[in-house]
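Single-structure report; data block below.
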Amino acid sequence: MLEDLSHSILDIAENAVNAEATKIVIEIAEKLDENKITLTVSDNGKGMDEDLLSRVSDPFVTSRKTRRVGLGIPFLRQAAEGCGGFFEIRSSPGKGTSVMASFCTDHIDCPPMGDLAATLITLLLGWPDKRWIFRYKINGRQFELDSDEIVKVLGDRESLHSCEVAAWLKGWIDENLSILRLGGSDQYAQDKKS
Amino acid sequence: MPKIRNLEDLRKVKESAKDLTAARSGGRTHIIVGMGTCGIAAGAREVMTAILAELEKRGIKDVAVETTGCIGMCQFEPLVDVIRPGEPRITYGNVSPEDVPRIVAEHLINGNVVADKVIGRTD
């Protein structure tokens with residue numbers, strides 16, 4: 001079992017990498033008044049056919065028979081459904097996969113969010129050749145990170161392997177997330193309601 | 001956009017890192033952390049974070065930190081490979097964040113393999 005949502009995100013995102021995706025979008029949407037968090041990981045990877053899709057949520061089938069999907073999906077599904085949320089996975093061959101999980105934050109079994117910045121730098125540093133887009137929305141305000149934008153500033157993708165860059169990014173993400181959680185500022189949060 | 005101004009600082013961080021990297025000759029050391037479901041559940045992300053923190057603390061610049069998927073020895077997770085130029089690839093098993101300073105100090109700086117943590121060696 002994975003400890004918190006940030007660990008699940010890391011794990012699900014790795015599925016996307018294994019599915020040969022070039023662009024992975026991680027979106028977390030939090031609605032404070034409804035005590036609800038929705039997590040979506042979408043990729044443009046090779047996708048799955050109906051048969052595999054019907055089996056991925058079943059740990060007794062997937063964990064042993066497919067290498068494409070491990071125990072991560074059953075873990076996430078169990079976590080979501082265990083706290084009154086829902087889980088959904090959509091996929092089509094050649095087009096990619098989208099995994100969505102929602103959580104009721106006022107449920108006693110709702111996992112904590114955990115260290116999102118650590119998950120993100122692990123993904124950026126681990127797979128610098130992918131385009132990572134991360135959005136965290138709270139009541140419509142949002143923080144967005146696009147790895148292409150970061151690579152443009154750095155000048156090359158190789159620099160993402162540097163620990164100083166990772167340390168800077170971790171601080172930057174932490175700072176932005178805490179600003180967002182505290183109610184946001186005009187500087188960082190954009191009013192993009194969706 | 002203020003976000004861009006912030007990212008400009010990142011460019012400065014990168015520039016200063018590059019100067020020192022360029023000053024050193026020879027190949028780069030690679031550290032590879034296994035980041036499959038097994039690794040993540042065993043604490044690989046925390047080990048990775050500890051490695052980054054330790055390298056930064058010690059000002060070690062010429063090391064590339066990378067990740068890989070399941071290495072296939074899940075019972076030994078978290079797994080960390082250290083590859084120094086011209087030396088065998090060393091695989092450490094059951095690595096905890098507490099082991100990281102020792103591996104960095106002994107192996108990366110002094111060049112001595114931390115024998116009690118080694119589970120594999122590839123020449």
Side-chain angles (χ1 to χ4, degrees), chain A residues 1-3 6-15 17-18 63 67 69-75 114-115 117-119 121-128 143-146 149-150 152-156 158-172 175-176 185-188 190, chain B residues 1-21 28-70 72 74 97 100 104 108:
Chain A
M1 198 61 195
L2 300 173
E3 281 168 43
S6 71
H7 282 99
S8 281
I9 292 167
L10 178 57
D11 189 44
I12 299 297
E14 210 208 16
N15 287 345
V17 171
N18 293 337
S63 67
R67 296 192 70 84
V69 181
L71 269 170
I73 285 175
F75 278 162
D115 194 344
T119 282
I121 60 160
T122 304
L123 292 172
L124 290 169
L125 194 127
W127 294 277
F143 163 64
E144 184 176 302
L145 178 159
D146 182 340
E149 204 178 318
I150 292 163
K152 211 192 278 177
V153 172
L154 290 173
D156 63 275
E158 270 303 296
S159 298
L160 282 173
H161 286 306
S162 140
C163 59
E164 280 145 315
V165 167
W168 190 91
L169 284 173
K170 184 163 189 332
W172 182 67
E175 191 185 314
N176 276 286
S185 86
D186 294 328
Q187 259 195 313
Y188 300 95
Q190 300 156 26
Chain B
M1 273 168 70
K3 205 165 139 189
I4 302 296
R5 190 196 66 200
N6 258 333
L7 285 172
E8 275 304 311
D9 297 342
L10 178 60
R11 197 200 301 274
K12 286 172 203 154
V13 169
K14 189 241 169 177
E15 288 305 319
S16 67
K18 198 184 177 185
D19 292 345
L20 280 151
T21 310
R28 272 184 122 183
T29 296
H30 291 253
I31 298 181
I32 305 165
V33 185
M35 203 64 71
T37 305
C38 44
I40 297 166
R45 195 194 68 185
E46 284 62 34
V47 170
M48 166 83 122
T49 310
I51 291 169
L52 292 170
E54 188 67 18
L55 293 178
E56 220 226 343
K57 195 174 101 188
R58 289 183 169 271
I60 300 173
K61 317 233 178 206
D62 53 350
V63 174
V65 183
E66 294 159 23
T67 63
T68 184
C70 178
C74 309
V100 169
V104 170
L108 267 66

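Letters A, B, ... are given to chains in the order of the sequence lines, protein chains preceding strands, and every chain is numbered from 1.
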Discussion item. Using heavy-atom distances under 4.5 Å, tell me whether B/Val33 contacts chain A through its side chain, its backbone, both, or neither.
Written reply: neither
Fill in: Heavy-atom contact with chain A under 4.5 Å, split by part of B/Glu54
neither
Item to complete: Calculate, to the nearest 0.5 Å, the distance between atoms CD and CD1 belonging to A/Glu14 and B/Ile40 respectively.
Response: 5.5 Å
Worksheet entry | Rounded distance (nearest 0.5 Å) linking atom CG of A/Leu10 with atom OG1 of B/Thr37 | 9.0 Å
Worksheet entry | Contacting region of A/Ala118 [heavy-atom separation from chain B under 4.5 Å] | both
Worksheet entry | Where A/Cys163 and B/Leu52 come nearest, the two heavy atoms and their spacing | CB-CD2, 3.7 Å
Item to complete: Flag the pair B/Arg45 / A/Asp115 as yes when at least one side-chain heavy-atom distance between them is below 4.5 Å, and no otherwise.
Response: yes
Discussion item. Do B/Asp9 and A/Trp172 make a side-chain contact, defined as non-hydrogen atoms from C-beta onward lying under 4.5 Å apart?
Written reply: no
Worksheet item: Below 4.5 Å, heavy atoms only, C-beta onward: do B/Glu56 and A/Lys170 meet side chain to side chain?
Response: no
Worksheet, complete the sentence: OG (A/Ser159) and CD (B/Glu15) are apart, to the nearest 0.5 Å, by 8.5 Å
Discussion item. How long is the straight-line distance from OG1 of B/Thr67 back to NE2 of A/His161, given to the nearest 0.5 Å?
Written reply: 8.5 Å
Discussion item. Can you give me the closest heavy-atom contact between A/Ile150 and B/Leu7, atom names plus distance?
Written reply: CG1-CD2, 4.1 Å
Worksheet entry | Most contacts with chain A, counted as non-hydrogen pairs under 4.5 angstrom, among B/Gly36, B/Ala53, B/Gly39 | B/Gly36
Worksheet entry | pair A/Asp156-B/Lys14: side-chain heavy atoms closer than 4.5 Å | yes
Item to complete: Under 4.5 Å heavy-atom distance to chain B, tell me which part of A/Ile121 shows up: side chain, backbone, both or neither.
Response: side chain
Worksheet item: Which atom names give the shortest non-hydrogen contact between A/Leu125 and B/Val65, and what distance separates them?
Response: CD2-O, 3.3 Å
Fill in: Heavy-atom contact with chain A under 4.5 Å, split by part of B/Met48
side chain
Worksheet item: At what distance, to the nearest 0.5 angstrom, does CD1 of B/Ile60 lie from OG of A/Ser162?
Response: 12.5 Å
Worksheet entry | Closest-packed option against chain B by number of heavy-atom pairs under 4.5 Å, given A/Ser8, A/Gly155, A/Ser6 | A/Ser6
